[in-house]
Amino acid sequence: MRIAEASLADAAVRDLIAFHQQDMEAMSPPGTSFALDLSGLSGTETTVLGAWEGEELVAIGALKRLSSGQAELKSMRTRPEHLGKGIAKAVLEALIDLSRAEGIARLSLETGTSDEFVPAIRLYAKYGFERGDAFADYVNGPHNQCYHLPLTE
C-alpha cells in the first residue's frame, strides 16, 4: 500500500469523495452530515491523502487547517470492499504525522453518534482522541460529537 497526497483532478479521488458524501448524507439525519464535497476539499488549507493498492485508490483522508495550531480530520473513507485491512489506520497515522510535522498542536474531528460510526470512533480512541467540546461551527448533539487529540506535550 502507498499513501501519498491525492490530486482532486484524479477521477478516482473525485468518485470516492462523492461516494463518501452521499453515504454520510444517507445515514445521517437531515442537517447533521458535514462531509465536504469536492469544492470543500479544494482550498489551500486542505490536504487530501490517498491510499493505493497497486493502481487502485482504496481510501482517502483529509487534513483541513483551521488555524496555525489546530487542524481537522475530514473525509476519512475506505472503500467498503477494503475494510478490515488496516488501511484507515495507515491513513490516520499519515494524517497525524503530517499534523505533527506542521506543528499542529490539536487535531480535531466531528463524527456521528449512530452505530455506523462506532468502528471509526474506536479507531480514533486507539490513537488517543477524546470526546470533547464542539469546535469551529459544530455543535455536539444527539447525532454529532467532537473529538480532539493534543499533539504537543
key: Contacts of type side-chain hydrogen bond (donor to acceptor under 3.5 Å, both in side chains), residue Glu25, not counting sequence neighbours   = none
inquiry  = What I'd like to find out is whether the side chain of Val91 reaches to under 4.5 Å of the side chain of Ile60, using heavy atoms alone.
reply    = no
Non-hydrogen atoms of Gly112 and Gln145 that approach each other most closely = O-NE2, 2.7 Å
Heavy-atom side-chain proximity of Tyr147 to Ile121 below 4.5 angstrom = yes
task = For Glu45, check salt bridge (Lys or Arg N to Asp or Glu O under 4.0 Å) against everything at least two apart and list the hits.
result = none
ask   = Which atoms form the tightest heavy-atom contact between Ala12 and Arg79, and what is the distance?
value = O-NH2, 4.0 Å
key: Test log, rule side chain to side chain donor-acceptor pair (under 3.5 Å), inputs Ser108 and Gln70   = CA-CA 7 Å; Ser108 301; Gln70 185 175 10; 2.8 Å; yes
task = Could you tell me the separation between the CG atom of Leu98 and the CD atom of Glu93, rounded to the nearest 0.5 Å?
result = 13.5 Å
inquiry  = Under the rule for side-chain hydrogen bond (donor to acceptor under 3.5 Å, both in side chains), what residues qualify as partners of Ser39, not counting sequence neighbours?
reply    = Asp37
query = Is there a path of hydrophobic side-chain contacts, each under 4.5 Å between heavy atoms of I, L, V, M, F, W or Y residues, that connects Phe19 with Ile87?
reply = no
message = Quick check: closest heavy atoms across Ser75 and His20, and the distance to 0.1 Å?
response = CA-NE2, 3.6 Å
ask   = Which residues pass the salt bridge (Lys or Arg N to Asp or Glu O under 4.0 Å) test with Arg77, sequence neighbours left out?
value = Asp23
inquiry  = Could you measure the distance from the CD atom of Glu110 to the CG atom of Asn144? Nearest 0.5 Å is fine.
reply    = 4.5 Å
key: Any Tyr124 side-chain heavy atom under 4.5 Å of Met76 side chain   = yes
inquiry  = Same cluster or not: Leu151 versus Leu95, using hydrophobic residues (I, L, V, M, F, W, Y) connected whenever any side-chain heavy atoms lie under 4.5 Å apart?
reply    = yes
task = Start with the C-alpha distance between Glu102 and Arg65, add both sets of side-chain angles, then the distance that settles salt bridge (charged side-chain N to carboxylate O under 4.0 Å, His left out), and finish with yes or no.
result = CA-CA 10 Å; Glu102 292 186 7; Arg65 291 132 191 107; 2.7 Å; yes
ask   = In chain order, what residues pass the side chain to side chain contact (heavy atoms under 4.5 Å, CB included) check against Glu55, with sequence neighbours excluded?
value = none
query = For Gly50 and Ala6, which heavy atoms make the closest approach, and how far apart are they?
reply = N-CB, 3.8 Å
remark   = Nearest heavy-atom contact between Thr46 and Lys64 is OG1-CG, 3.6 Å
request  = Mind checking salt bridge (Lys or Arg N to Asp or Glu O under 4.0 Å) for Arg106 and listing every partner two or more places apart, or none if nothing turns up?
outcome  = none
request  = Check the hydrophobic clustering (I, L, V, M, F, W, Y; side-chain heavy atoms under 4.5 Å; chains of links allowed) and say if Leu8 and Trp52 are grouped together.
outcome  = yes
task = Report yes or no: do Leu66 and Leu49 belong to one cluster of Ile/Leu/Val/Met/Phe/Trp/Tyr joined by side chain heavy-atom distances under 4.5 Å?
result = no
key: Lys85 side chain near Val58 side chain, heavy-atom distance below 4.5 Å   = no
query = More than 12 foreign heavy atoms under 6.0 Å from CZ of Arg122: is that the case here?
reply = no
ask   = Same cluster for Leu149 and Leu63 if Ile/Leu/Val/Met/Phe/Trp/Tyr side chains link at under 4.5 Å?
value = yes
query = Can you find a heavy atom in the side chain of Leu41 that is under 4.5 Å from one in the side chain of Ile17?
reply = yes
task = For the residue pair Thr111 and Phe129, establish whether any side-chain heavy-atom pair is separated by less than 4.5 Å.
result = no
task = Looking only at non-hydrogen atoms, find the nearest pair between Ile104 and Ser68 and report the distance.
result = CD1-O, 4.0 Å
query = What is the distance from atom NE2 of His148 to atom CZ of Phe135, rounded to the nearest 0.5 Å?
reply = 6.0 Å
key: Side chain proximity check, Glu56 to His82, heavy atoms < 4.5 angstrom   = yes
message = A side-chain contact here means heavy atoms from C-beta on lying under 4.5 Å apart; do Glu72 and Phe34 qualify?
response = no
